[in-house]
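What follows is a short report on a single structure.
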Amino acid sequence: MSHDTDNRATEQNRVDLVIHEINKKEEKIYSKSAGLKDSVIELRKSFWEDVTVNLDEPDDVIETQASIKQQAELLSERERFHGKLGEELKTLKRLKDSPYFGRIDFIEDPGEEEDHIYIGISSLMDNDDENFLVYDWRAPISSLYYDYSPGRAAFETIEGSVTGEISLKRQFIIRQGVIKGMFDTGVTIGDHLLQQVLGNNASTTMKSIVATIQKEQNKIIRNERSDLLVVQGAAGSGKTSAALQRIAYLMYRYREELNAANVVLFSPNPLFTSYISNVLPELGEANVRQTTFLNFLERGIGDKLAIESPFHQMEYVLTEGNNAEYETRMKSIDYKSSLKFKELIDEYISYLHGQGIRFKNITFRKQILISKEKIKDYFYGLDESIAIPNKMELVSMWLLKELRHYQRDEVDKDWVMEQVELMDKEDFLKAYYKSQDIDDENDVVVEEEILRKVVVNRYFSSIKKRVKQLQFVHVLATYQKLFTEWDPQESPEDWESISTLTASDLSQWSLTWEDATPYLYFKDRLLGNHADRSVRHLLIDEAQDYSAFQYAYIKHIFPYTRLTLLGDINQAIYTYATKENPLVPAGDQLKHERITLTKSYRSTKQIVEFTKYFAPGEELIEPFNREGSKPRLLKLNKKEDLVEVLKANVENLQSIGYETIAIVCKTLKESEIIFNLLQGKVSVKKVNEETYTFEKGLLVLPVYLAKGIEFDAVIIPDASKEQYDLQSDRTLFYTACTRAMHELVMITESEPCSFIEDCPKETYEGSLV
């Protein structure tokens with residue numbers, strides 16, 4: 001028997017031993033779980049039988065409440081423990097299929113004993129809970145696997161640094177408890193394993209990559225010291241995967257302090273949120289709060305204003321060039337995305353300290369109780385040195401006090417008795433019991449008084465609620481005044497035309513995307529921040545698409561939150577995005593730690609070698625050594641051939657075995673045209689911003705919705721000079737091409753776009769069809 005065969009047999013024996021231990025642990029949990037489940041079911045059935053219910057006397061009511069609380073706590077505790085056992089079973093099931101993926105043999109200084117350390121997605125102890133059979137990939141000792149080749153090595157623990165010698169570093173591919181591959185390797189995770197992982201078809205969900213984390217990705221994952229970590233990563237460099245693994249690592253490392261509820265991830269669109277939804281559960285962690293920046297703004301602004309999405313803004317920019325207002329809108333987008341507009345709003349807020357805030361009348365039954373003029377006089381009668389949000393709280397307290405007077409005056413009015421007569425039997429019963437506690441001979445009069453107060457209180461409670469929410473402030477009208485009445489000390493060029501356009505939108509209760517963040521910032525400065533202070537860590541994916549104003553607002557709303565920004569400046573598809581963006585190094589613009597990922601793992605070497613010639617930025621891009629076909633440029637004889645050429649290429653790609661093929665268009669308008677052409681000829685799905693689930697098959701979508709997602713093959717249906725003509729189109733074309741894992745096909749009826757012409761002829765194949 002050869003040495004390699006002997007090694008493999010020994011390792012398989014260990015896998016079998018570990019699986020045997022897993023089976024024993026499963027049996028133990030199943031027996032515990034079954035008994036507990038029966039207990040929970042029985043407790044639910046007998047819940048009210050075991051509760052003493054007596055509402056006759058006050059003491060009995062207190063006893064009843066205590067009894068219900070005690071029984072509820074007991075049930076909750078058992079259900080929580082049952083859920084914990086369920087999670088343990090899920091982890092064991094994952095481990096049974098593939099117990100671990102790595103091994104290192106380590107001799108700790110100054111000893112001579114060699115420890116065999118096996119690394120997997122979760123820790124596993126032996127039957128006596130004394131020794132680790134598998135170490136969690138996030139454990140301090142596991143960093144040796146990602147950061148060092150055989151030789152001198154060290155890892156950090158709470159007690160300090162541990163040094164020693166790695167004598168062996170081995171990787172495994174284990175499926176269904178059987179070793180399919182085994183490699184001894186150096187510092188990088190070996191090409192054997194990566195080749196196998198990357199050569200597979202695209203998935204409808206992003207997969208956890210803990211077995212193939214590279215050294216540079218590990219720096220992102222285990223970074224604990226940075227309050228702001230900025231990751232500039234080439235397309236397909238694994239930055240999003242590393243970010244999700246970073247969340248899992250931090251939640252493991254700070255389990256007592258950090259949980260899923262206080263970590264937030266801003267993703268680019270709902271489709272992407274669906275795409276990454278499986279990663280954290282695969283790692284045994286609950287999904288953190290995932291939202292888009294649009295959804296976050298909508299929650300803060302409220303539902304009375306219609307907010308344009310960033311995708312509608314992008315569609316406008318790309319398709320409405322002939323619109324009479326286009327030039328003004330573009331200048332408005334550019335200005336309102338900048339820090340200069342934030343400074344203008346700050347100046348306006350200073351002006352509002354002395355005058356100008358609009359208020360609303362407080363009305364009741366179509367009559368004004370407290371006029372907006374009276375509220376304004378009270379507000380501006382307060383000390384001007386008090387911050388505006390604090391003054392709003394003082395006004396709120398004053399209004400509530402005033403409303404109590406009006407409420408008392410309403411009790412004896414005729415309309416109240418009319419409403420009393422419409423009340424439920426339950427209300428009358430409550431009033432009767434309450435009247436019995438009052439020492440008065442005329443119970444009927446007392447009962448009527450109680451009922452009248454109940455009616456008036458119900459009517460006034462909604463008014464009080466709105467007052468507490470500061471809805472007496474007319475935020476929209478005050479913001480609109482910024483563009484219609486206020487005269488700033490320094491205004492930008494074209495301010496008059498920008499103001500006219502903005503005022504028109506606001507008068508229709510509509511916010512453009514460029515106004516959404518400034519409006520919410522303005523609202524916060526006026527009423528006070530609405531942020532959730534429980535957020536400890538915020539991660540922003542596709543960070544290159546955020547404006548300088550949006551970043552300033554995020555820092556304003558989350559002043560004590562640690563930030564991780566991930567993006568690729570080469571994919572900055574919004575016109576304003578490269579200005580004052582933290583992904584772009586600019587001296588001491590921001591104090592942060594910056595990590596750059598240059599190696600692209602998604603696409604084949606041929607696709608990366610082609611696309612790097614027209615990458616918009618100056619960042620280095622290195623292809624991973626995975627061979628494939630050269631990108632293909634197909635020249636149509638005539639426009640009418642497009643459908644047949646698309647159909648033939650789709651069928652050819654499907655025959656190769658590719659399951660996820662995307663026809664990536666420049667705009668939604670183009671994608672709808674292509675979808676309509678193909679419908680009925682091939683099985684095709686249309687993706688728009690309302691698409692929440694990523695499915696396999698043939699998809700048609702605009703490039704801005706493909707951000708962060710990968711496909712087996714990408715077809716660009718119009719790669720002509722007419723379609724991608726402007727320099728600003730470079731990022732769109734680059735983003736579209738870099739979605740492809742294995743195959744890239746570009747079609748043009750006329751002269752190809754200049755970005756293709758930037759590439760040496762040997763990097764792609766051209767043919768006439």
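This chain uses plain numbering: 1 for the first residue, then up along the sequence.
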Quiz prompt | Partner residues of R329 under the salt bridge (charged side-chain N to carboxylate O under 4.0 Å, His left out) criterion, sequence neighbours left out | solution = E308, E514
Quiz prompt | Results of side-chain contact (heavy atoms from CB on, under 4.5 Å) for H556 - residues two or more places apart only | solution = Y521, D524, R525, N529, Y553
Quiz item: Does a side-chain heavy-atom distance below 4.5 Å link H537 with L539?
Solution: yes
Quiz item: Taking only residues two or more places apart in sequence or in another chain, which ones pass salt bridge (charged side-chain N to carboxylate O under 4.0 Å, His left out) with D729?
Solution: K666
Quiz item: Under 3.5 Å, side chain of K686 to main-chain N/O of F675, donor-acceptor pair present?
Solution: no
Exercise. With rounding to the nearest 0.5 Å, note down the distance linking OG in S241 to CZ in R246.
Key: 15.0 Å
Practice problem: Any side-chain hydrogen bond (donor to acceptor under 3.5 Å, both in side chains) involving residues 760-769? Give me the pairs, sequence neighbours left out, ordered by first then second residue. | Solution: none
Quick one: side chains of residues 316-323, donor-acceptor pairs under 3.5 Å with protein atoms, not counting sequence neighbours, listed by atom name and distance.
unit_1, atom_1, unit_2, atom_2, d
T319, OG1, E315, O, 2.5
N323, OD1, E325, N, 2.9

Quiz prompt | Ring centers of F755, Y734 separated by less than 6.0 Å | solution = no
Quiz item: Do you see a donor-acceptor pair shorter than 3.5 Å between the side chains of S237 and S600?
Solution: no
Exercise. Could you tell me if the ring centre of W495 sits under 6.0 Å from that of F483?
Key: yes
Quiz item: For R289, what residues pass the salt bridge (charged side-chain N to carboxylate O under 4.0 Å, His left out) criterion, not counting sequence neighbours?
Solution: D532
Quiz prompt | Those residues that, when tested against K523, pass side-chain contact (heavy atoms from CB on, under 4.5 Å) (two or more places apart) | solution = V475, L520, L527
Self-check item: Short side-chain to backbone donor-acceptor contact, Q723 and A719, under 3.5 Å
Solution: no
Practice problem: Answer yes or no: is there an ion pair linking K707 with D568, defined by an N-O contact shorter than 4.0 Å? | Solution: no
Exercise. Look at the rings of F614 and F733 and say which category their plane angle falls in: under 30° parallel, 30 to 60° tilted, over 60° perpendicular.
Key: tilted
Exercise. For K612, enumerate each residue passing the salt bridge (charged side-chain N to carboxylate O under 4.0 Å, His left out) test, keeping only those at least two apart in sequence or located in another chain.
Key: E609
Quiz item: Within a strict 4.5 Å, meaning less than it, do heavy atoms of the V664 and I715 side chains meet?
Solution: no
Quiz item: Would you say the side-chain atoms of Y551 pair up with the backbone N or O of A543, donor to acceptor, closer than 3.5 Å?
Solution: yes
Exercise. Under the side-chain contact (heavy atoms from CB on, under 4.5 Å) rule, collect the residues that match up with S750, sequence neighbours excluded.
Key: S720, E722, T748
Practice problem: Using side-chain contact (heavy atoms from CB on, under 4.5 Å) as the criterion, list what pairs up with T500, not counting sequence neighbours. | Solution: none
Self-check item: Aromatic ring pairing Y479/F522, orientation class (parallel under 30°, perpendicular over 60°, tilted between)
Solution: tilted
Quiz prompt | Expected output: side-chain D641 to main-chain E644 donor-acceptor under 3.5 Å | solution = no
Quiz item: Got a sec, which pairs hit salt bridge (Lys or Arg N to Asp or Glu O under 4.0 Å) with one end in residues 490-510, sequence neighbours left out?
Solution: K331-D494
Practice problem: Could you pull out all residues at least two apart from K685 that satisfy side chain to side chain donor-acceptor pair (under 3.5 Å)? | Solution: none
Quiz item: Would you call E751 and K721 a salt bridge, taking side-chain N to carboxylate O under 4.0 Å as the test?
Solution: yes
